[in-house]
Structure formats: structure tokens, C-alpha cells
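Some notes on the structure that comes next.
What you see is a predicted model; the values in this text were computed from it and never measured. Because only heavy atoms are used, hydrogens play no part in the values below, and waters and symmetry mates are left out as well, while side chains stay in.
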Amino acid sequence: MRKYIKTLILFSLILVGLSLNLTSYADELEPYNLSIDGKVVNFTDELGHPYLTKTSRTMIPVRIISENMGYDVKWDGGNQKVFVSNEKTKIELQIGKNTAIVNGKMVPIDVQDGKPVDTKAMLVPAKGSHRTYVPLRFVSEAMGADVKYERKNGVNCIEINTGKKPEKPTNATTVTTKQAELTKVGEGYNQHIVDLAKKYNYSTMNLGEGHYFDYKKNQKNGFIEPVIQLDAESNNGLWFTFSVMNEEEYKGKNYEIKFECVSNPEYTKGTKWKSMNGYFPTAGLPMKYGAKRGDVVKYEISIRNGNTTKVYPFTIKLGGMHEVE
């Protein structure tokens with residue numbers, strides 16, 4: 001009986017120790033807004049969150065950062081090593097070491113004022129697993145990216161630029177919201193919007209609080225410009241919705257449309273070009289995807305016809321309907 005009690009006490013102490021270890025990292029978590037080539041990285045409890053050490057070093061989870069930069073990541077649990085690679089670079093990290101092997105050459109993973117810092121690669125508890133963490137400086141020193149850091153309103157803002165050109169459709173032209181006739185509509189939409197809806201056979205029942213972007217004044221060379229409705233948050237479980245008011249103009253003319261979230265690709269994963277010959281359904285961001293009020297997200301609506309493709313980007317603050325581009 002005594003042996004059982006001792007075993008139970010020992011097991012309890014181990015659990016307490018593990019919980020304290022997890023808590024020690026959680027207490028050091030700070031709000032981070034990290035983007036790679038303009039795309040916001042969404043950290044999760046499973047993949048890990050950045051955190052600040054007591055020596056003011058920002059530590060980041062290797063896998064989610066590396067994969068968003070286009071690298072492949074492999075974990076060798078037996079040897080406690082992580083292998084990060086792409087077409088040009090091969091990186092080997094050893095847990096507990098302050099150096100990495102980059103293309104066969106040993107380099108420090110953290111440098112300050114031109115000198116190596118004794119910050120080691122380490123395993124940090126994550127939900128259901130552990131994740132390898134390295135200092136943020138590793139991204140610029142070993143992975144060759146440009147890193148910019150700024151603290152704004154209590155949030156650590158980090159921009160990582162890999163130097164890659166953003167992917168755009170072939171021969172695409174970007175049309176900014178500044179090129180549109182913009183109308184903001186609150187309660188009791190104005191006559192201009194009513195007339196617009198009637199002109200394009202759009203139901204006044206669908207005219208909610210939001211913004212209307214009329215690109216028609218830029219129409220030339222036969223390309224049909226859209227009139228895009230951006231509706232505010234509603235009770236249907238969506239942060240916002242996009243609609244094309246003048247969809248009737250596109251019918252029978254072989255136009256295609258694609259709706260993408262470029263800051264958070266997982267929100268519109270698998271999106272493909274869709275014909276505009278028929279009814280174009282409303283597209284939006286479901287709240288169930290995990291986005292939070294106050295998040296800033298970037299979307300693109302692409303429309304193409306033959307060899308002409310135009311991209312209409314939107315930057316939106318969730319829950320506020322502030323067009324911030």
C-alpha cells in the first residue's frame with residue numbers, strides 16, 4: 001500500500017512539474033502579428049506561438065515559419081534534429097545547440113551586434129506535442145530573409161521578406177480601390193445605391209450596411225468592370241460578404257471569377273476559377289474559421305476574360321468594416 005501511495009505521489013509531482021513547465025512558456029507569450037511576404041501567419045496551440053525570453057529574445061516555432069517561407073521540414077526524433085530545406089538551402093538544427101549547419105557550414109543561430117549569442121534551439125511544449133523553437137534572428141542569419149520588427153500598441157509586429165515576387169495571374173492588372181467610386185452605406189442606404197441596384201437588377205433586400213466599389217468609370221477596351229458590394233458583419237455567421245452587383249452584365253460573355261484570401265490562404269483553400277455566365281454566389285469569411293475581431297485580412301477578387309485578367313484587392317478590418325488599404 002505504501003509503495004502504491006509513493007508511486008501515486010511521484011506521478012502527481014511529475015504532472016505538476018509538466019504543468020509548471022507549460023505555464024512558464026504561456027506566461028511569456030505576448031501578442032504577435034507576423035507576416036511573410038505580406039501574408040499573415042496564423043499561429044495555433046498545436047503549431048506553437050512566438051514568445052519572448054527573459055533575455056528579450058523572440059523565439060519562433062520553426063515548422064510553421066519555414067513552411068510558410070517555402071521550405072520543407074523534417075523531424076528526426078531519435079537524434080533530436082530538424083532538417084529544413086528548399087532548392088538552394090539545406091539546414092540542420094540540433095536541439096540544445098546554438099549553431100546550425102547551413103549548406104555544410106556551421107553558423108550561429110543568433111547574432112547580436114555582429115557577435116554570436118548563446119541562444120539554443122529548443123523543444124517547447126505545444127498542444128499534443130512539442131515544437132522546435134529558434135530565435136527570430138535565425139530567419140535572417142541562416143535563411144537569408146529580411147526581418148523587420150516594430151512594437152505597435154503593445155503588439156509585436158514582424159515582417160519577413162523572402163525576396164520572392166508575389167504570385168499573380170499571368171498578365172494580370174491590379175486595380176486599387178482608389179480607382180473606384182466608393183460609397184459607404186449605413187442604416188437607410190442612400191438613393192445612389194438604390195439607383196445602382198435597380199440599374200443592375202440587384203435586389204434592394206440585399207443592400208446592407210457596408211461599402212460599394214464602382215469601377216465602371218475605368219471601363220475600356222471592352223472589359224466589363226465590376227461593381228462590388230462589401231457587406232458588414234451580420235447574424236449569419238460571416239464576418240463580411242462580397243457580391244458582384246452587376247453580375248447580369250457578365251452572363252453569356254465567358255468571364256470567370258476567383259475569390260481568395262491572400263493573407264490567410266487557409267480561409268479560401270481550394271478556391272478555383274468560376275464561370276460568371278450564371279449566378280455568382282455571395283462569398284464571405286465564416287466566423288467558424290477562427291478569425292478574431294480586429295484582425296486585418298487581405299483579399300483579392302480576380303476576374304478574367306480571354307487574355308485579360310484584373311485583380312481587385314481589399315484590406316479589411318474584421319468587425320469594423322473599415323476599408324484600410
Side-chain angles (χ1 to χ4, degrees), residues 26 29-51 60-71 73 126-129 131 152-160 166-169 177 206 208-213 226 228-244 256-274 279-303 311-325:
L29 289 176
E30 286 196 354
Y32 277 84
N33 186 336
L34 191 149
S35 64
I36 298 176
D37 294 331
K39 297 181 179 181
V40 176
V41 176
N42 280 327
F43 297 98
T44 66
D45 291 342
E46 290 82 4
L47 295 175
H49 298 266
Y51 74 93
I60 55 172
V62 167
R63 180 174 291 276
I64 186 172
I65 297 294
S66 299
E67 290 181 343
N68 274 275
M69 291 176 67
Y71 285 81
V73 181
K127 187 175 181 180
S129 183
R131 294 295 173 186
K152 297 179 182 178
N153 302 320
V155 178
N156 299 285
C157 300
I158 300 170
E159 295 182 8
I160 297 175
E167 295 182 4
K168 291 286 184 183
T177 55
N206 294 328
E209 179 182 359
H211 298 80
Y212 298 84
F213 300 87
I228 298 173
Q229 174 189 352
L230 175 56
D231 266 352
E233 174 186 350
S234 62
N235 295 324
N236 59 359
L238 298 173
W239 282 114
F240 61 83
T241 56
F242 276 115
S243 301
V244 177
E256 293 178 298
I257 190 168
K258 184 163 63 172
F259 174 79
E260 296 176 286
C261 181
V262 294
S263 62
N264 303 77
E266 67 274 15
Y267 293 165
T268 51
K269 185 177 181 180
T271 300
K272 298 180 180 179
W273 289 98
K274 182 179 179 64
Y279 173 68
F280 171 64
T282 296
L285 174 59
M287 295 180 179
K288 66 180 182 180
Y289 284 5
K292 303 183 295 298
R293 186 178 300 277
D295 284 355
V296 175
V297 293
K298 296 182 179 180
Y299 277 77
E300 288 181 350
I301 295 177
S302 299
I303 297 177
V311 179
Y312 305 85
F314 292 86
T315 303
I316 305 162
K317 184 176 181 180
L318 301 185
M321 287 311 303
H322 302 302
E323 196 277 319
V324 296
E325 183 177 46

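Rounding to the nearest 0.5 Å gives a distance of 8.0 Å between CD1 of Ile228 and CZ of Phe213. Atoms CZ and CG, on Phe259 and Leu285 in that order, are 7.5 Å from each other to the nearest 0.5 Å. Distance check, rounded to the nearest 0.5 Å: CD1 of Ile160 to CG of Leu34 gives 4.5 Å. For the atom pair CZ of Phe242 and CD of Gln229, the computed distance is 10.5 Å after rounding to the nearest 0.5 Å. The CZ atom of Arg293 sits 10.5 Å away from the NZ atom of Lys317 when rounded to the nearest 0.5 Å.
Heavy atoms only, all atoms of each residue included: Trp239 and Lys292 are closest at CZ2-C, 4.0 Å.
Not a single side-chain hydrogen bond (donor to acceptor under 3.5 Å, both in side chains) links Glu159 to another residue, sequence neighbours left out. The side-chain hydrogen bond (donor to acceptor under 3.5 Å, both in side chains) test applied to Asp295 returns no partner, not counting sequence neighbours. Applying the side-chain hydrogen bond (donor to acceptor under 3.5 Å, both in side chains) rule to Arg63 yields the partners Glu67; only residues at least two apart in sequence or on another chain are considered. For Asn68, the side-chain contact (heavy atoms from CB on, under 4.5 Å) criterion is met by Ile36, Val41, Ile64, not counting sequence neighbours. For Thr44, the side-chain contact (heavy atoms from CB on, under 4.5 Å) partners at least two apart in sequence or on another chain are Glu46, Leu47. Residues passing the side-chain hydrogen bond (donor to acceptor under 3.5 Å, both in side chains) test with Tyr312, sequence neighbours excluded: Glu225.
Side chain of Ser263 to backbone of Val297: no donor-acceptor contact under 3.5 angstrom is found.
Between Phe240 and Tyr299, the distance from one ring center to the other falls under 6.0 angstrom.
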